[in-house]
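Numbers for residues simply follow the sequence, beginning at 1. What you are looking at is a predicted structure, and each value in this text was computed from that prediction instead of being measured.
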Amino acid sequence: MIRYPRAVPPVLAALIVTVGPAFGGAQIASLPPVDEASRDSSLLRFRGDVLRALQRRDTAFIVSIVAPNVGNGFGGDAGLKDFRYFWFGGGERNRKMKQLREALQLGGALIDDSTYAVPYYAYGGRFPSGLNAHGHALVLGEGVSVRQSPGSQRPVVAILTYGIVTLPKGWTGHPDQDGSSDVVWLQVGLGDGKVGYVAEPYLRSPLGLRVTFRKRNGHWVLTSWAEGD
């Protein structure tokens, strides 16, 4: 289990609070990481191979584990041609591979004995029903500070651990008022009615990259992906 996203720059480590007031009721719901890959040893080996390929940015390997009839998000035709276009065209290669690496590291759900979906918070009924995916986000990390205003030195109004929050103003970012050019803040709504600000790298939408793998003839392949709605 990670304490905060691996992609977060070191400057953001200061935004993690390991001790402090409980701020009861701040979280609308809690959605800690869970992974069901251990139920299939072949899936564990496959995931390890994919993670190593992503670390090397091995495009050829990634393409090799994609199903010929892969479903390509919204507006794309099924098949490898559109997969290559969406994943590796227009400068998308590094972003998509980074997203997939994080999703696999966070873990996923076994929808059935031959279907594995990542990341864990976007599948298998994990995101609480009744919450609008457009207006809510997951705070990904343990002891993440919610600040009174957008700045790393501003007063803390809540501390969240894998908590779900609302996004009153959507994904509109605010610059850091304490001078850090590397940090963008988003306004969030809490379960107790308060509002605050969370550094953007800690927020994840259930409508972000979602990827499904299936076991076919004893081998795991990437069968579908989506981003957005």
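With hydrogens and angles ignored, the 3.5 Å screen pairs a side-chain donor or acceptor of S205 with a backbone N or O of L207. Under a 3.5 Å cut-off, the side chain of R204 and the backbone N or O of P201 do form a donor-acceptor pair. A donor-acceptor distance shorter than 3.5 angstrom exists from the side chain of T166 to the backbone of G189, with no hydrogens or angles considered. When atom types are taken as modelled, the side chain of Y116 and the backbone of A37 share no donor-acceptor pair closer than 3.5 angstrom. Between the side chain of T223 and the backbone N or O of T212, at least one donor-acceptor pair lies under 3.5 Å.
By the 4.5 Å heavy-atom criterion applied to side chains, L106 and V118 are not counted as neighbours. L167 is listed as a side-chain neighbour of V188, based on a closest heavy-atom distance under 4.5 Å. L100 is listed as a side-chain neighbour of L54, based on a closest heavy-atom distance under 4.5 Å. Using a 4.5 Å heavy-atom threshold, the side chains of V50 and F61 count as touching. Contact annotation: the side chain of V146 never approaches that of V165 to less than 4.5 Å [non-hydrogen atoms, C-beta and beyond]. Side-chain contact between V157 and Y197 is absent, with no heavy atoms from C-beta onward closer than 4.5 Å. The shortest distance between side-chain heavy atoms of T161 and V144 does not fall below 4.5 Å.
Expressed to the nearest 0.5 Å, how far CG of L51 lies from CZ of R56 amounts to 11.0 Å.
Enclosure of atom CG in N132 by more than 12 non-hydrogen atoms of other residues, nucleotides or ligands within 6.0 angstrom is indicated.
In the hydrophobic clustering of this structure, V34 groups with Y121; members are Ile, Leu, Val, Met, Phe, Trp, Tyr whose side-chain heavy atoms approach within less than 4.5 Å, directly or through other members. Placement of V195 and I28 in two distinct hydrophobic clusters is found when ILVMFWY residues are connected by side-chain heavy-atom separations under 4.5 Å, directly or transitively. Cluster membership check: V211 shares its hydrophobic cluster with F83, using side-chain heavy-atom separations under 4.5 Å among Ile, Leu, Val, Met, Phe, Trp and Tyr.
A side-chain hydrogen bond (donor to acceptor under 3.5 Å, both in side chains) check over residues 75-91, counting only residues at least two apart or in different chains, returns nothing. Sorted by first then second residue, the salt bridge (charged side-chain N to carboxylate O under 4.0 Å, His left out) pairs that include residues 39-48, not counting sequence neighbours, are D35-R47, E36-R39, D40-K215. Sorted by first then second residue, the salt bridge (charged side-chain N to carboxylate O under 4.0 Å, His left out) pairs that include residues 217-227, not counting sequence neighbours, are R95-E227, K96-E227. The list of salt bridge (charged side-chain N to carboxylate O under 4.0 Å, His left out) pairs with a residue in residues 167-178, not counting sequence neighbours, reads R154-D178.
Residues satisfying the side chain to side chain donor-acceptor pair (under 3.5 Å) criterion with H134, sequence neighbours excluded, are D229. By the side chain to side chain donor-acceptor pair (under 3.5 Å) test, R57 is found to be paired with no residue, residues two or more places apart in sequence or in another chain being considered.
In terms of heavy-atom proximity, S152 sits nearest to W185 at N-CZ2, 3.5 Å. Of all heavy-atom pairs between F88 and M97, the closest is CE2-SD, 4.3 Å. The two atoms that bring F213 and I65 nearest to each other are CE2-CD1, 4.5 Å, heavy atoms only. Shortest non-hydrogen contact noted between F74 and A226 is CE1-CB, 3.8 Å. For the pair L209 and W225, the tightest heavy-atom approach, listed with the atom from each and the gap, is CD1-CE3, 3.8 Å. Closest of all the heavy-atom pairs between L186 and W171 is CD2-CE3, 3.2 Å.
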